[in-house]
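Worth saying up front: this structure is predicted, and the values here are computed from it rather than measured.
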Amino acid sequence: MGMKLYNSQLSPFSARVRIAAYAKGLDIEIVNAFTDPVLLAELEKINPMRMVPTLVSGSLVLPESEVICEYFEDIGLEPSLRPADAEGRARMRLLSRIGDLYVMTPMTKLSGQISPKGRDLALVERELAELASGIGWLGHYLDGSPFAVGGRFSLADCTLAPILFFYAQIGPMFGYADVFKDAPTVGSYYRSLKNDPSVARVLGEMEAALRKVLGG
């Protein structure tokens with residue numbers, strides 16, 4: 001069954017799907033939808049939400065990164081990236097949820113405040129506090145191993161790797177040289193996770209895309 005992924009290299013949500021696809025060794029066509037008007041027109045035709053990632057698998061069109069990753073699991077593509085037991089799967093989903101709602105959300109709001117010129121200091125202070133809380137909650141639920149759950153790679157790692165990539169990038173822009181100083185468990189986890197081949201590949205892609213955006 002042929003698959004096509006409409007993608008953006010710097011999107012943490014697209015990155016999540018790419019990590020899962022690489023971990024499974026999927027033969028999947030990956031296209032960067034926003035760099036080509038033809039591809040963008042294709043995307044708009046099949047997905048009125050006009051968002052990436054969007055997966056096309058046969059006649060099925062799926063937006064939403066979490067749904068796509070779960071689809072990979074549900075159709076039995078090996079290796080499985082879900083823990084075998086209910087407790088492990090619940091922890092996996094909890095960590096992904098914390099990453100999405102309580103870490104990525106304040107970072108998204110802060111992304112519009114990167115330039116010091118015209119910065120809304122009240123908004124920045126509020127969202128930095130929210131971000132610190134989210135990172136603290138994340139550290140509380142990590143189990144101290146190189147992976148998020150049960151000592152093996154899972155969908156939680158696919159979610160958290162690109163989110164923490166952005167966390168490591170955005171902190172210094174707001175005066176935090178060592179963003180993991182007050183979150184050593186999260187820092188240790190992220191450093192270990194970067195050794196995974198699929199994660200390293202995608203973080204390299206994101207780094208290259210970020211340099212291009214910043215003109216480096």
- prompt: Taking atom OH of Tyr102 as the centre, does the number of heavy atoms from other residues, nucleotides or ligands within less than 6.0 Å exceed 12?
  reply: no
task: Drop me the distance from Ser96's OG to Met104's CE, to the nearest 0.5 angstrom.
output: 14.0 Å
- request: Specify the closest pair of heavy atoms between Leu39 and Tyr6, including all atoms of both residues, with the distance to one decimal.
  value: O-CE2, 3.8 Å
query: Applying the 4.5 Å side-chain criterion to the ILVMFWY set and letting contacts propagate, would Leu138 and Leu101 be lumped into a single cluster?
result: yes
message: Same cluster or not: Ile28 versus Val56, using hydrophobic residues (I, L, V, M, F, W, Y) connected whenever any side-chain heavy atoms lie under 4.5 Å apart?
response: no
query: Are the side chain of Thr185 and the backbone N or O of Gly139 linked by a donor-acceptor pair below 3.5 Å?
result: no
query: How long is the gap from SG on Cys158 to CD1 on Ile68, to the nearest 0.5 Å?
result: 12.5 Å
message: Testing the basics here: between Ser80 and Glu78, what is the closest heavy-atom pair and its distance to 0.1 Å?
response: N-OE1, 3.1 Å
- prompt: Testing Gln113, Glu125, Glu127, Arg126 for side-chain contact (heavy atoms from CB on, under 4.5 Å) with Asp120, which one passes?
  reply: Gln113
- request: Let me know which of Met206, Glu207, Lys212, Glu205 forms a side-chain contact (heavy atoms from CB on, under 4.5 Å) with Gln9.
  value: Glu205
- prompt: Distance from Leu203 atom CG to Leu210 atom CG, nearest 0.5 Å?
  reply: 11.5 Å
message: For Lys109, is the NZ atom crowded, meaning more than 12 foreign heavy atoms sit under 6.0 Å from it?
response: no
task: Check step by step if side-chain contact (heavy atoms from CB on, under 4.5 Å) holds for Glu64 and Tyr71.
output: CA-CA 11 Å; Glu64 295 293 341; Tyr71 172 71; over 6 Å; no
message: Under a 4.0 Å threshold between the charged nitrogen and the carboxylate oxygen, would Arg97 count as salt-bridged to Glu66?
response: no
Single-linkage hydrophobic cluster Leu43~Val67, side-chain heavy atoms < 4.5 angstrom: no
- request: Begin from the C-alpha positions of Glu70 and Arg93 and carry the test side-chain contact (heavy atoms from CB on, under 4.5 Å) through to its verdict.
  value: CA-CA 11 Å; Glu70 290 282 356; Arg93 292 180 178 122; 3.5 Å; yes
Qualifying ring-ring contact (aromatic ring centres under 6.0 Å, His included) pairs with a residue from residues 12-55, counting only residues at least two apart or across chains: none
statement: One should read off an interatomic distance between Leu5 CG and Ser65 OG, to the nearest 0.5 angstrom, of 10.5 Å
- prompt: Is there a path of hydrophobic side-chain contacts, each under 4.5 Å between heavy atoms of I, L, V, M, F, W or Y residues, that connects Met51 with Leu40?
  reply: no
task: Name all pairs fulfilling the salt bridge (charged side-chain N to carboxylate O under 4.0 Å, His left out) condition that reach into residues 99-108, sequence neighbours left out, sorted by first residue then second.
output: Arg16-Asp100
field: Ala23 backbone acceptor or donor facing Ser198 side chain under 3.5 Å
entry: yes
task: Search all heavy atoms of Met92 against all heavy atoms of Pro83 and return the closest pair with its distance.
output: SD-CD, 3.6 Å
Side chain Ser14, main chain Leu10, donor-acceptor under 3.5 Å: no
Tyr189 and Asp143: CA distance, side-chain angles, deciding distance, side-chain hydrogen bond (donor to acceptor under 3.5 Å, both in side chains) verdict: CA-CA 9 Å; Tyr189 162 72; Asp143 64 11; over 6 Å; no
Leu155 side, atom CG; Leu95 side, atom CG - distance, nearest 0.5 Å: 12.0 Å
- request: With the side chain counted from C-beta on, respond yes when Phe72 and Leu55 share a heavy-atom pair under 4.5 Å apart, and no when they do not.
  value: yes
field: Ala200 backbone acceptor or donor facing Lys194 side chain under 3.5 Å
entry: no
- request: Identify the two heavy atoms, one from Leu160 and one from Gly99, that lie closest to each other, and give their separation to 0.1 Å.
  value: CD2-CA, 3.9 Å
query: Of all heavy-atom pairs between Tyr190 and Ala161, which one has the smallest distance, and what is that distance?
result: CE1-O, 3.7 Å
- prompt: Can you tell if the side chain of Asn7 reaches within under 4.5 Å of the side chain of Pro53, non-hydrogen atoms only?
  reply: no
- request: Could you walk me through whether Phe153 and Val199 pass side-chain contact (heavy atoms from CB on, under 4.5 Å), step by step?
  value: CA-CA 10 Å; Phe153 194 77; Val199 170; 3.7 Å; yes
message: Using 0.5 Å steps for rounding, measure from the CG atom of Leu128 to the CD1 atom of Ile135.
response: 11.5 Å
- request: Indicate yes or no: does Arg89 engage Glu73 in a salt bridge with an N to O separation below 4.0 Å.
  value: no
field: Contact summary for Asn32 and Thr35, nearest pair of heavy atoms
entry: O-OG1, 2.9 Å
query: Is it true that Leu26 and Val52 fall in one hydrophobic cluster, defined by side-chain heavy atoms closer than 4.5 Å?
result: no
message: Determine whether a donor-acceptor pair (N or O, by modelled atom type, separation under 3.5 Å) exists between the side chain of Asp157 and the backbone of Ser154.
response: yes
- request: Could you give me the CA-CA distance, side-chain angles and deciding distance for Asp74 and Arg82, then say whether side-chain contact (heavy atoms from CB on, under 4.5 Å) is met?
  value: CA-CA 10 Å; Asp74 289 340; Arg82 287 191 296 217; 3.0 Å; yes
- prompt: Just wondering, do Thr159 and Cys69 contact through their side chains at under 4.5 Å, heavy atoms?
  reply: no
message: Applying salt bridge (charged side-chain N to carboxylate O under 4.0 Å, His left out) as the test, list every pair that has at least one member in residues 168-193; sequence neighbours left out.
response: none
